[in-house]
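Each chain gets a letter, A, B and so on, in the order its sequence line appears, and its residues count up from 1.
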Protein chains: 2
Amino acid sequence: MVKIKDVAEAAGVSTATVSRVLANKPHVRPEIQKHVLKVVKELNYRPNRVAQNLRSNTSKIIALVVSDIENPFFQRVSRAVDDAAYELGYIVMLCNTDENPAKEESCLNLLRDENVAGVILSPTQRAIEKFSEMPAMDMPTVIIDRHGKNLAIDSIHIDNVQAAHAITSHLIEHGYRRIGGVFGGNSITGSQRHEGFVRALKDHNIKPATDLIKFASPREEDGFDTTMNLLNMQDRPDAILTSNSLLASGVLLAIRECKLQIPGDIAFASFDDTTCAQLFEPAITVIDQPTYEIGRTATELLIKRIQDPTRSNREVVLKTKLIVRKSCGCK
Amino acid sequence: MVKIKDVAEAAGVSTATVSRVLANKPHVRPEIQKHVLKVVKELNYRPNRVAQNLRSNTSKIIALVVSDIENPFFQRVSRAVDDAAYELGYIVMLCNTDENPAKEESCLNLLRDENVAGVILSPTQRAIEKFSEMPAMDMPTVIIDRHGKNLAIDSIHIDNVQAAHAITSHLIEHGYRRIGGVFGGNSITGSQRHEGFVRALKDHNIKPATDLIKFASPREEDGFDTTMNLLNMQDRPDAILTSNSLLASGVLLAIRECKLQIPGDIAFASFDDTTCAQLFEPAITVIDQPTYEIGRTATELLIKRIQDPTRSNREVVLKTKLIVRKSCGCK
DNA sequence: CTGAAAGCGCTAACAT
DNA sequence: ATGTTAGCGCTTTCAG
């Protein structure tokens with residue numbers, strides 16, 4: 001491997017000069033600069049990022065830590081982060097916490113050990129609560145998808161309560177009354193959407209039936225099982241809302257298993273406008289989140305914070321869109 | 001930040017001893033070992049991975065470089081890689097090449113600059129061809145999804161030709177004769193599946209109609225556009241096969257746009273058993289790849305190679321499964 | 001069994 | 001404008 005010393009010798013200058021040229025620092029004679037660059041190219045020299053990192057405490061790696069790598073929401077976000085990071089000369093490290101605080105902590109610590117430049121994080125409930133106690137949190141960080149109320153940190157998210165309220169109200173206004181809710185368990189997102197759901201019911205003078213409200217881990221199988229329970233009740237719901245697309249698949253599978261028609265026998269609505277939601281017959285009414293924009297904005301916020309750690313914190317709230325389709329036609 | 005020197009001083013030993021203890025090296029008195037460990041814990045010391053990397057040339061980061069981060073196939077693979085890596089104490093860096101050789105090269109170079117421990121790569125055609133000339137390829141590498149014939153490298157993939165042959169034959173045996181093919185353009189995978197498709201036709205004495213064979217970039221919109229062309233022909237196909245799930249969505253959208261029934265008006269089959277393929281009515285006949293296993297195996301192969309760079313290369317070929325569903329019922 | 005000291009490849013004072 | 005040199009935090013000979 002060719003190192004800076006080799007370049008310096010070949011060019012007949014000191015390593016300091018080579019370093020200056022490569023960093024585009026001033027105080028280098030243009031002719032020398034040119035010559036060094038030529039030698040760099042000839043020798044095919046590439047600076048060792050590890051050494052640069054150790055010496056100057058800078059890194060070109062940012063990390064994206066998500067709670068569920070298989071959720072289409074995060075997949076779309078990570079595409080956006082990857083695009084934006086690449087444009088800005090960074091590469092991204094993707095980590096998955098499975099909504100598991102221990103895994104999250106170990107992951108964050110590892111990232112700090114690696115001295116990454118910053119982190120985009122969808123935190124667990126626990127991380128939000130213990131934020132200040134987590135040593136890893138001295139890294140530049142931006143939080144996505146969730147947020148702590150008064151945390152001194154950049155965050156970007158949607159108004160989950162409002163979005164859930166909107167889509168639930170839509171169901172109610174189309175005549176549905178016994179609405180079942182299947183929410184992601186032990187995630188902030190899930191509980192906020194649950195809150196919006198309950199509020200919408202109350203705002204329409206419907207008493208939330210606790211037996212119609214379920215929490216499940218955000219996986220297809222759990223969505224399926226939970227829904228089967230719901231559908232096997234003596235007085236089954238006339239509509240179901242889920243808080244994410246993984247659960248949605250499970251719900252749909254269960255509805256089919258019970259040979260129920262949508263929306264004739266039961267209406268359905270969900271979060272996240274996936275291809276599947278569009279392709280399904282009837283197409284699914286959903287809350288569409290600006291996923292790509294969330295990822296891009298998060299990356300840009302993070303890079304800005306890396307460049308200026310003292311800048312004031314921002315909380316960006318992005319608008320969602322209710323996309324009305326056939327899956328909850330009038331009752 | 002507490003460093004090894006702090007630990008050494010607090011424990012009344014040298015940094016060398018602390019290092020030995022932490023690396024579980026022999027020749028340390030048990031009592032000293034115990035004491036050092038205690039101090040490490042008290043001080044909450046964590047070794048700086050960057051310094052370790054620089055000094056000893058070892059890293060705990062492996063990279064996963066995929067051609068399309070939005071393809072469910074790679075998403076499932078990356079979940080598997082992430083799981084396996086985590087278990088083995090590594091973290092993974094995810095990069096996306098968009099099937100773009102320039103982006104791929106720049107990404108690989110960056111990874112080498114960062115001195116990552118190894119790479120799992122779904123290479124572009126060009127990378128396979130120019131393999132030996134790519135400086136980045138001195139990293140431990142395992143290739144997934146694609147493979148070069150006589151490359152001295154670990155690889156893991158399925159038999160694309162055989163799989164495409166099988167699913168095409170299935171269509172033919174169900175009476176379809178004018179079968180359209182929509183394949184991923186400029187990817188090895190796409191062309192191999194195309195090859196299997198053509199072979200199956202020939203083996204059944206059907207002359208491949210060039211106007212029924214299309215290549216598209218693996219995105220929903222391109223699948224849609226391409227299929228619209230196919231469906232607007234005077235003598236449209238009676239069945240369509242696509243080589244990946246992103247294209248499949250586009251095809252399905254186009255078929256709906258033309259108000260055609262599956263399989264009544266037109267049959268459909270594809271690669272990759274996604275949730276969507278199961279949920280769609282009628283459910284889609286697909287070739288199911290062992291995606292999770294591909295990711296796990298790749299990770300395990302990579303770590304083994306990292307630990308022993310001299311070990312002989314392996315080419316692992318995994319079996320696929322034809323899952324027959326309603327989308328190509330008898331004509 | 002343990003410590004002193006040399007460097008991994010680079011950057012940034014500090015000299016000149 | 002350029003070179004000299006001292007580390008960044010760690011591991012690893014080499015002595016003892």
Item checked: Carboxylate-amine/guanidinium contact Glu105(A) Arg126(A), below 4.0 Å ->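 The answer is yes: the pair qualifies as a salt bridge.
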Check: If you measure from the Lys or Arg side-chain nitrogens to the Asp or Glu carboxylate oxygens, is any gap between Glu114(A) and Lys60(A) under 4.0 Å?
Finding: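 Result for this pair is no, no salt bridge flagged.
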Partners of [X] by side-chain contact (heavy atoms from CB on, under 4.5 Å), sequence neighbours excluded?
X: Arg55(A); value: none
X: Gln52(B); value: Pro47(B), Arg49(B)
X: Ala8(A); value: Thr15(A), Val18(A)

Margin query: Just to be sure I understand the rule, does Val50(A) reach a base, reach only the sugar-phosphate, or reach nothing, if contact means heavy atoms closer than 4.0 Å?
Written below: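 Answer is nothing: Val50(A) stays at 4.0 Å or more from every strand.
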Checklist line | Contact list for residues 20-29 of chain B, test salt bridge (charged side-chain N to carboxylate O under 4.0 Å, His left out), sequence neighbours left out | finding: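 Those involving residues 20-29 of chain B are Arg29(B)-Glu31(B).
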Next item on the list: For residues 83-95 of chain B, pull every pair meeting salt bridge (charged side-chain N to carboxylate O under 4.0 Å, His left out), keeping only residues two or more places apart or in separate chains.
Entry: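 The answer is Arg79(B)-Asp83(B), Glu87(B)-Arg296(B).
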Can you measure [X] atom [atom1] to [N] atom [atom2] for me and round it to whole angstrom units?
X: His27(B); N: dC14(D); atom1: NE2; atom2: P; result: 15 Å
X: Asn57(A); N: dG7(D); atom1: CG; atom2: P; result: 17 Å
X: Asn53(B); N: dC10(C); atom1: CG; atom2: P; result: 13 Å
X: Leu54(A); N: dA6(D); atom1: CG; atom2: C1'; result: 13 Å
X: Glu9(A); N: dG9(C); atom1: CD; atom2: C1'; result: 14 Å

Note to self: What residues from residues 33-44 of chain A pass a heavy-atom cutoff of under 4.0 Å to DNA chain D?
What the structure shows: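 Within this stretch, nothing sits under 4.0 Å of the strand.
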Checklist line | Difference in axis direction between the ends of the helix from dC1(C)-dG16(D) to dT16(C)-dA1(D), five pairs, 10° | finding: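 Comparing the axis at each end, I get an angle of 40°.
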Next item on the list: Could you list all the side chain to side chain donor-acceptor pair (under 3.5 Å) pairs where at least one residue sits in residues 33-46 of chain B, not counting sequence neighbours?
Entry: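 As it turns out, the side chain to side chain donor-acceptor pair (under 3.5 Å) pairs with a partner in residues 33-46 of chain B, which skip direct neighbours, are Asp113(A)-Arg46(B).
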Using nucleotides 10-13 of chain D, report all nitrogen or oxygen pairs with the protein that are shorter than 3.5 Å.
residue, atom, partner, partner atom, Å
dC10(D), OP1, Tyr45(B), OH, 2.5
dC10(D), OP1, Asn48(B), N, 3.0
dC10(D), OP2, Ile4(B), N, 2.5
dT11(D), OP1, Gln52(B), NE2, 2.7
dT11(D), OP2, Ser19(B), OG, 2.9
dT11(D), O2, Arg55(B), NH1, 2.5
dT12(D), OP2, Lys25(B), NZ, 2.9
dT12(D), O4', Arg55(B), NH2, 3.4

Next item on the list: Kindly write out the residues that satisfy side-chain hydrogen bond (donor to acceptor under 3.5 Å, both in side chains) with Thr141(A), not counting sequence neighbours, or none if the list is empty.
Entry: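 With neighbours one apart ignored, the set is empty.
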Notebook entry, point to check: What residues form a salt bridge (charged side-chain N to carboxylate O under 4.0 Å, His left out) with Arg311(A), not counting sequence neighbours?
Noted result: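 For Arg311(A), no residue satisfies salt bridge (charged side-chain N to carboxylate O under 4.0 Å, His left out) once neighbours in sequence are set aside.
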Margin query: Can you pull out every ring pair (Phe, Tyr, Trp, His ring centres under 6.0 Å) where at least one residue sits in residues 123-149 of chain B? Sequence neighbours excluded, please.
Written below: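 For residues 123-149 of chain B: His147(B)-His157(B).
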